[in-house]
Amino acid sequence: TLEDEIIRYIATEYERLTLKIPQTQYKARSFVHENGTVHSVKYSGQDIILDVDLHKNDLRKLEKMLISVDTETSITS
């Protein structure tokens, strides 16, 4: 069905990720909340660990944003 095709297409454009972002990176945290679907948030020391679905284009933007501020951020899928 058309609905199945749309769902399949959307699924190929999004990735489920675990992001570890320093709490001080407010812009990155806000970007993830505004552009992704956040499934869970945990705090670990000075970092926030987010389980999210994020569009591939938004993931690239987030990576550039974090590289520009030289953070030790990890992204796993």
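In what follows, every heavy atom counts, from backbone to side chain, and hydrogens, waters and symmetry copies are set aside.
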Asker: Is there side-chain contact between Lys20 and Leu50, with heavy atoms separated by less than 4.5 Å?
Answerer: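 Contact flag for Lys20/Leu50 side chains = no.
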
Asker: Sub-3.5 Å donor-acceptor pair from the side chain of Thr1 to the main-chain atoms of Asp4, do we have one?
Answerer: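 Between the backbone of Asp4 and the side chain of Thr1 there is a qualifying donor-acceptor contact (under 3.5 Å).
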
Asker: Pick one: which of His33, Lys27, Glu34 meets side-chain hydrogen bond (donor to acceptor under 3.5 Å, both in side chains) with Ser30?
Answerer: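 Among His33, Lys27, Glu34, the one that satisfies the side-chain hydrogen bond (donor to acceptor under 3.5 Å, both in side chains) with Ser30 is Glu34.
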
Asker: Kindly compute the distance separating CG (Asn57) from CG (Asn35), expressed to the nearest 0.5 Å.
Answerer: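 If we round to the nearest 0.5 Å, Asn57:CG and Asn35:CG are 10.5 Å apart.
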
Asker: Run the side chain to side chain contact (heavy atoms under 4.5 Å, CB included) test against Lys61 and tell me which residues pass, sequence neighbours left out.
Answerer: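 Phe31, Asp58.
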
Asker: Please, which pairs that meet ring pair (Phe, Tyr, Trp, His ring centres under 6.0 Å) have at least one residue in residues 37-60, sequence neighbours excluded?
Answerer: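 For residues 37-60, and leaving out neighbouring residues, the ring pair (Phe, Tyr, Trp, His ring centres under 6.0 Å) pairs sorted by first residue read Tyr14-His55.
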
Asker: Quick one: pull up CG in Leu54 and CD in Glu13 and give me the separation to the nearest 0.5 Å.
Answerer: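 If I round to the nearest 0.5 Å, the distance is 12.0 Å.
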
Asker: Any side-chain heavy atom of Leu59 sitting closer than 4.5 Å to one from Glu15?
Answerer: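 The answer is yes, as the side chains (C-beta and beyond) meet within the 4.5 Å cut-off.
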
Asker: With side chains defined as the heavy atoms from C-beta onward, is the minimum distance between Val32 and Ile21 less than 4.5 Å?
Answerer: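 In contact.
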
Asker: Strictly below 4.0 Å, N to O, side chains only: are Asp51 and Lys42 in salt-bridge contact?
Answerer: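 Between Lys42 and Asp51 there is no salt bridge, as every charged N stays at least 4.0 Å from the carboxylate O atoms.
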
Asker: For Gln46, enumerate each residue passing the side chain to side chain contact (heavy atoms under 4.5 Å, CB included) test, keeping only those at least two apart in sequence or located in another chain.
Answerer: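 Result, side chain to side chain contact (heavy atoms under 4.5 Å, CB included) vs Gln46: none returned.
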
Asker: Might you point out which heavy atoms bring Gln23 and Arg29 nearest each other, and give the distance in Å?
Answerer: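 Scanning both residues, the minimum pair turns out to be O-NH1, 2.8 Å.
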
Asker: So which heavy atom on Leu66 is nearest to which on Ala28, and how close?
Answerer: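 Where Leu66 meets Ala28 most closely, the heavy atoms are CD2-CB, 3.5 Å.
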
Asker: Check the pair Leu62, Leu19 against side chain to side chain contact (heavy atoms under 4.5 Å, CB included), reporting the backbone distance first and the verdict last.
Answerer: CA-CA 10 Å; Leu62 177 64; Leu19 305 173; 3.8 Å; yes

Asker: Just wondering, do Val41 and Ile49 contact through their side chains at under 4.5 Å, heavy atoms?
Answerer: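 When only atoms from C-beta onward are counted, Val41 and Ile49 do not touch, as no gap falls below 4.5 Å.
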
